[in-house]
2 protein chains.
Amino acid sequence: MTSETNQNTAHPVTMRDVAEAAGVSIATVSLVVNEKKNARIGDDARKRVRDAIRDLGYRPNALAKTLVSGHSKFIGLVADAIATTPFAGQIIHGAQDEAWKHGYVLLVANTDGNADAEREAVGMMLEHKVRGILYSTWYHRATEVPAGLRETDFVLVDCYSPDDDATAVVPDEVQGGRTATQLLIDSGHRRIAMINTTTPSPAHEGRLLGYQQALAAAGIAYDPALVFDALPEQEGGYDSVEQLLASGATAVFCHNDRVAMGLYDGLRRRGLSIPEDMAVVGFDNQEVIAAHLRPPLTTVALPHYELGAKGIRLLLGIDEHRPNQLVTVDCPPVLRSSIAEAAHIAS
Amino acid sequence: MTSETNQNTAHPVTMRDVAEAAGVSIATVSLVVNEKKNARIGDDARKRVRDAIRDLGYRPNALAKTLVSGHSKFIGLVADAIATTPFAGQIIHGAQDEAWKHGYVLLVANTDGNADAEREAVGMMLEHKVRGILYSTWYHRATEVPAGLRETDFVLVDCYSPDDDATAVVPDEVQGGRTATQLLIDSGHRRIAMINTTTPSPAHEGRLLGYQQALAAAGIAYDPALVFDALPEQEGGYDSVEQLLASGATAVFCHNDRVAMGLYDGLRRRGLSIPEDMAVVGFDNQEVIAAHLRPPLTTVALPHYELGAKGIRLLLGIDEHRPNQLVTVDCPPVLRSSIAEAAHIAS
DNA sequence: ATGAAAGCGCTAACAC
DNA sequence: GTGTTAGCGCTTTCAT
């Protein structure tokens with residue numbers, strides 16, 4: 001059995017109970033509970049009501065409130081994978097904090113990318129009359145707007161509609177790539193390699209573009225021979241060491257922190273050291289890794305928390321935006337010790 | 001502005017609208033919507049209702065339903081840190097999947113361990129008349145039962161009340177420690193070291209006990225000189241290499257995967273290789289790390305997903321348990337390549 | 001300054 | 001077979 005002291009099930013204390021106990025009408029109770037400004041309640045009546053509330057352990061029923069007002073305090077968050085990485089957790093966290101700040105509660109659903117689950121999740125949220133829905137993916141990509149979403153207000157988070165017909169908030173990959181590269185340039189490097197991912201994606205395209213922009217701005221010619229593609233994991237980084245060394249680069253911008261971790265490993269096996277023999281920048285700022293590598297990895301952060309928070313603000317109309325706008329959030333540099341000299345914060 | 005096509009705000013289609021459109025009473029609509037068995041509705045009426053529902057885009061109002069029935073389909077999940085590690089995400093994921101399976105939706109709140117936020121979060125959930133609350137922490141530890149929780153059914157997840165007066169579900173640290181150690185023993189090692197954490201905790205005590213039990217069962221004398229304490233991070237592992245080597249151990253059980261990662265690093269710097277020179281087992285099964293180390297790390301998994309799912313089952317009374325029982329979930333071994341021979345699954 | 005009453009969207013007797 | 005009606009807990013005019 002599970003019911004313990006559960007006074008809740010036993011004791012559905014309602015406003016009527018409070019009214020009776022205090023010897024007033026339920027209207028009066030409502031007024032004091034909601035601290036209505038322009039409702040003058042006698043001091044004694046107010047006190048009697050307050051006492052009754054405390055004694056009976058009364059809790060207002062938010063659901064009944066919603067029925068009357070027509071507006072609920074729910075915001076739905078549907079994610080395609082809430083546990084694969086710490087990333088989705090950050091999105092939830094940001095969304096939750098921001099929603100909470102405005103008096104909203106988060107209703108979360110995980111769909112594992114399954115369309116049926118998605119339809120069901122969205123349906124469930126719609127039936128609960130959510131104020132709106134945040135639809136998020138665990139890595140930045142294009143996505144279809146799932147069926148049902150358009151029946152309410154919604155914002156895409158860390159994904160966007162290729163048809164450009166939905167408000168979305170995503171990380172600024174280009175600025176991120178520029179920032180990472182600039183860190184290396186500021187530290188004096190001219191021959192800078194990039195280990196990109198093998199899969200076409202906003203991250204692949206955007207970071208490369210940023211890399212090229214930073215190079216161009218510094219008057220360094222872009223050399224395609226310095227750009228390699230590799231699996232976006234430790235293995236990819238490890239396997240790129242040879243090419244990297246052969247390229248004559250003195251610094252490298254890795255597609256993500258995991259790639260950098262593999263690279264550290266490969267470099268060390270050859271007796272090379274970081275940053276002396278090779279300066280390294282990562283991407284993602286995956287704490288467990290970046291902060292604890294030897295030397296700690298300088299990287300660029302993926303702003304997941306901010307993505308979630310911004311999504312809420314967009315949804316609630318707190319942050320202005322044009323209809324169906326693709327809003328972009330900066331990827332800030334995180335300075336640690338894998339580049340020789342302290343670099344300036346670039347953008 | 002945020003409202004887009006939002007037909008929702010514009011169009012609160014109710015049961016009454018459907019009834020009018022179909023030319024029947026709202027009771028009839030209710031009956032067909034809920035597919036009541038023993039209610040005989042004419043085929044034509046049923047069809048007219050169905051058509052009207054489709055044409056109008058009617059969605060039942062779950063909140064109104066709740067008001068009538070008295071029971072909501074919400075389950076609250078309050079966490080002290082949903083984003084610090086992937087762990088909390090796993091708990092949410094498990095809880096969400098299981099709740100969903102039984103027709104419940106998860107309401108999540110993050111409190112950052114702040115007591116006020118906790119009170120508020122629990123209060124908010126109570127006002128939304130949740131069926132019950134899961135209270136979880138991101139690492140296994142003792143905790144106070146927050147104010148308000150006792151007003152409803154609740155289960156502690158990954159934490160427990162030292163006063164032993166609350167149902168809780170936690171990982172079986174002792175079995176986990178035994179499993180990890182057994183893996184090493186099965187592979188032929190006799191001189192097995194353990195790098196434990198410096199902080200007293202269920203993990204510290206439990207895993208050590210498991211280690212001792214496995215040793216005892218194998219007839220190996222427990223040697224305190226083989227147990228070191230270190231920071232539960234890469235740095236701790238790295239810094240333990242010297243002691244470890246001096247101890248003459250041929251295998252080591254690390255408090256967690258991060259410690260193992262640091263250890264790998266330190267071992268490699270001395271030109272030692274895994275598992276030939278030193279067999280290693282981790283704990284946690286933190287994917288990003290364990291699966292991608294060289295060689296991939298054999299470890300013992302912390303069952304966060306299962307913790308969340310089990311919490312829901314306990315809360316809903318689906319899994320039997322005694323009142324205020326401390327329920328324990330197994331930590332299964334995850335075999336990779338940091339121990340020489342394939343080991344048996346032990347417990 | 002406070003109460004009576006209508007109604008939010010829906011379900012569940014109970015009529016007809 | 002299908003409609004009527006009385007609430008569920010609450011807010012909100014409108015009286016008094």
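Chain identifiers are assigned alphabetically (A, B, ...) following the order of the sequence lines, protein sequences preceding nucleic acid strands; residue numbering begins at 1 within each chain.
Across the protein-nucleic acid pair, B/His71 atom NE2 and C/dC10 atom C1' stand 15 Å apart, rounded to whole Å.
Phosphate proximity of C/dT2 to A/Ser25: absent, as no side-chain N or O sits under 4.0 Å from OP1 or OP2.
The salt bridge (Lys or Arg N to Asp or Glu O under 4.0 Å) test applied to B/Arg50 returns no partner, not counting sequence neighbours. Every residue was checked against the salt bridge (Lys or Arg N to Asp or Glu O under 4.0 Å) condition with B/Arg40, not counting sequence neighbours, and none meets it. With sequence neighbours excluded, the residues that form a side-chain contact (heavy atoms from CB on, under 4.5 Å) with B/Ala79 are B/Ile82, B/Ser136. Applying the salt bridge (Lys or Arg N to Asp or Glu O under 4.0 Å) rule to B/Lys47 yields the partners B/Asp51; only residues at least two apart in sequence or on another chain are considered. Take A/Arg46 and apply the salt bridge (Lys or Arg N to Asp or Glu O under 4.0 Å) test, not counting sequence neighbours, and it matches no residue.
Enclosure of atom CG in B/Asp43 is not indicated, since only 12 or fewer non-hydrogen atoms of other residues, nucleotides or ligands lie within 6.0 angstrom.
The ring pair (Phe, Tyr, Trp, His ring centres under 6.0 Å) contacts involving residues 110-131 of chain A comprise A/His128-B/Phe74, where partners must be two or more places apart or lie in separate chains. Residue pairs meeting the side chain to side chain donor-acceptor pair (under 3.5 Å) criterion with at least one member in residues 101-110 of chain B, sequence neighbours excluded, are A/His93-B/Asn110, B/Glu98-B/Lys101, B/Glu98-B/His102, B/Asn110-B/Asp112. Residue pairs that meet the side chain to side chain donor-acceptor pair (under 3.5 Å) test with at least one member in residues 55-66 of chain B, sequence neighbours left out, are A/Glu151-B/Arg59.
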Check nucleotides 14-16 of chain C against the protein and report each pair of N or O atoms closer than 3.5 Å, with its distance, or say if there are none.
none

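Each end of the helix from C/dA1-D/dT16 to C/dC16-D/dG1 gets its own rotation axis from five pairs of C1' atoms, and the angle between them is 50° to the nearest 10 degrees.
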Exercise. Using a cut-off of 4.0 Å between protein heavy atoms and nucleotide atoms, how would you tag nucleotides 8-16 of chain D 5' to 3' with B, S and -?
Worked result: BBBBB----
What donor-acceptor contacts under 3.5 angstrom involve side-chain atoms of residues 17-27 of chain A, with partners at least two apart or in another chain?
unit_1: A/Asp17; atom_1: OD2; unit_2: A/Thr14; atom_2: N; d: 2.8
unit_1: A/Ser25; atom_1: OG; unit_2: A/Ala27; atom_2: N; d: 3.3
unit_1: A/Ser25; atom_1: OG; unit_2: A/Thr28; atom_2: N; d: 3.3
unit_1: A/Ser25; atom_1: OG; unit_2: A/Thr28; atom_2: OG1; d: 3.3

